[in-house]
Amino acid sequence: MLSQRLLASLWLPLVVVLLSRCRTSLCQYSSDQCSWKGSGLTHEGHTRDVEQVYLRCAQGSLEWLYPTGAIIVNLRPNIASPAAARLSVCIKPAADSSGSNIYLDLNGRLRLLLREEDQAPAKVHCFGILEGALFIEAVPRADISRRITAFQYELVADGLKANDSSLGAPCQPCSDAEVLLAVCTKDFVARGVIRGVQEEEEEDRWSVSVDISRLHRQKTQVFVPGGPRARRWSGRIMMPLRCAIKPGEGDFLFTGTLRFGEAWMGCAPRYKDFLRLYREAERLRSNPCHVDTD
């Protein structure tokens, strides 16, 4: 058996190596590997080095201060599954993000995704997870102060294209089967009325103001209570500007997805139509889940 002194002599160099590696930005992960924060100053003397970053959550963020050289960001789900190949990655740059260009890197072949000047509008950009990792290359400058590349990311199962920044459902009405499935699987399900519609041309979307009388489910608090005793909520739901929309009378069943803290419209049938198809599915025992309609 090895003596304790010999074991210590073998372990000491390893500890030194690990400590020296942790002086680089690679060690600045959050504990859940959802977010990363680093600084280009940690490898300013060898700017040709390319650091690998691995993020394994459905959503998180990246912040690269004083960009120098390049980093490769590998975004992966935290559970291995064949369905992961159908995921899309959506990134939303911070409004003041600057200092680098962002590419997709597929087996060493680079394709431009976002130039430095394209990041300021803070619009969402999506691409298939199999299209490659993110290759973020600093724009060479003599003065790198006040430059920060920052964005949020989310993995989504919507099959969005690389040039598709809209996160809502298609504009055409959902089928009965799609409505029933949406009630069971979407991030929010609520009964309510449309109060108003506002065009946000710069964001390429509609903002739909809604009053909610029955909140079946919401993943995070996008609909806020109207008061301490009021059993009503209000909020906004986004839709792509390409979709035709106008305020409608009567109750709707709003379903949809949360993206970067905002609600995006999915299936939204009139409530009376939803009740009809739901009760018919109940009669046929084909409902994918139970919904309290009382």
Side-chain angles (χ1 to χ4, degrees), residues 58-59 77 81-90 124 126-129 154-194 197 204-220 222-223 233 235-294:
Q59 59 186 31
S81 167
R86 298 191 296 272
L87 290 174
S88 293
V89 179
C90 292
V124 176
C126 303
F127 56 92
I129 198 168
E154 290 188 1
L155 305 185
V156 297
D158 298 340
L160 299 170
K161 302 295 185 181
N163 58 353
D164 188 359
S165 60
S166 61
L167 299 174
C171 300
Q172 64 268 23
C174 297
S175 67
D176 289 355
E178 288 172 334
V179 169
L180 294 174
L181 187 60
V183 170
C184 302
T185 61
K186 291 300 182 179
D187 294 337
F188 64 87
V189 180
R191 176 183 178 180
V193 297
I194 297 176
V197 178
D204 195 31
R205 68 188 186 184
W206 298 104
S207 177
V208 183
S209 302
V210 297
D211 285 330
I212 304 299
S213 58
R214 180 70 179 272
L215 186 58
H216 294 278
R217 182 175 67 252
Q218 64 173 336
K219 190 175 179 180
T220 61
V222 294
F223 304 114
W233 298 260
R236 293 180 178 273
I237 306 177
M238 307 303 166
M239 290 188 67
L241 198 59
R242 55 186 167 80
C243 296
I245 182 173
K246 60 181 179 179
E249 297 181 355
D251 281 7
F252 292 83
L253 186 73
F254 302 115
T255 73
T257 306
L258 298 181
R259 294 286 180 259
F260 302 105
E262 295 179 326
W264 282 83
M265 191 80 77
C267 299
R270 291 191 176 273
Y271 194 74
K272 61 180 182 179
D273 295 331
F274 162 70
L275 280 181
R276 174 188 53 77
L277 67 94
Y278 180 80
R279 287 169 179 164
E280 177 64 14
E282 266 191 325
R283 185 183 69 82
L284 299 174
R285 296 183 178 181
S286 60
N287 270 332
C289 68
H290 172 72
V291 179
D292 188 359
T293 59
D294 295 335

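Numbers here simply count residues along the sequence, with the first being 1.
- Checked against salt bridge (Lys or Arg N to Asp or Glu O under 4.0 Å), Arg191 has the following partners two or more places apart in sequence or in another chain: Asp251.
- Between Val193 and Val210 the shortest side-chain heavy-atom distance does not fall below 4.5 Å.
- Listed here is the closest heavy atom pair of Ser209 and Arg236: OG-NH1, 3.1 Å.
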Evaluation steps, side-chain contact (heavy atoms from CB on, under 4.5 Å), between Val291 and His216:
CA-CA 8 Å; Val291 179; His216 294 278; 3.9 Å; yes

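- For the side-chain contact (heavy atoms from CB on, under 4.5 Å) test, residues two or more places apart in sequence or in another chain that qualify with Ala84 are Pro77, Leu87.
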Run the numbers on Asp211 and Trp233 for side-chain contact (heavy atoms from CB on, under 4.5 Å), then give the verdict.
CA-CA 6 Å; Asp211 285 330; Trp233 298 260; over 6 Å; no

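- Taking every heavy atom of both residues into account, Cys174 and Val179 meet most closely at CB-CG2, 3.8 Å.
- We find the CG-CE distance between Leu258 and Met238 to be 11.5 Å, quoted to the nearest 0.5 Å.
- For Asp176, there are no salt bridge (Lys or Arg N to Asp or Glu O under 4.0 Å) partners, not counting sequence neighbours.
- The list of salt bridge (charged side-chain N to carboxylate O under 4.0 Å, His left out) pairs with a residue in residues 264-281, not counting sequence neighbours, reads Glu280-Arg283.
- Among all heavy-atom pairs drawn from Trp264 and Met239, the shortest one is CZ3-C, 3.8 Å.
- Residues Gln218 and Val189 fail the side-chain proximity criterion, which asks for heavy atoms closer than 4.5 Å.
- To the nearest 0.5 Å, the span separating CD on Glu249 from CD1 on Ile194 amounts to 11.0 Å.
- Residues meeting the side chain to side chain donor-acceptor pair (under 3.5 Å) test with Gln59, sequence neighbours left out: none.
- One finds no salt bridge joining Asp187 and Arg217 here, because no Lys/Arg side-chain nitrogen approaches an Asp/Glu carboxylate oxygen to under 4.0 Å.
- Contact of the Glu154 side chain with the Arg259 side chain is registered, since non-hydrogen atoms from C-beta on lie closer than 4.5 Å.
- Although no hydrogens or angles enter the test, the distance criterion places a donor-acceptor pair under 3.5 Å between the side chain of Trp206 and the main chain of Cys243.
- Contact annotation: the side chain of Phe254 approaches that of Ile237 to within less than 4.5 Å [non-hydrogen atoms, C-beta and beyond].
- For the pair Cys90 and Phe127, the minimum side-chain heavy-atom distance is 4.5 Å or more.
- A donor-acceptor pair is defined here as one N or O able to donate and one able to accept, closer than 3.5 Å; such a pair exists between the side chain of Thr255 and the backbone of Cys267.
- Across Ala281 and Asn287, no two heavy atoms sit closer than the pair CB-OD1, 2.9 Å.
- Partners of Phe274 by ring-ring contact (aromatic ring centres under 6.0 Å, His included), not counting sequence neighbours, listed by chain and number: Tyr271, Tyr278.
- In this structure, Glu178 contributes its side chain and Ala182 its backbone to no donor-acceptor pair below 3.5 Å.
- Inter-residue side-chain proximity for Arg205 and Arg242 is flagged as unmet; no heavy-atom pair is nearer than 4.5 Å.
- From Leu180, atom CG reaches atom CG of Leu277 across 5.0 Å, with rounding to the nearest 0.5 Å.
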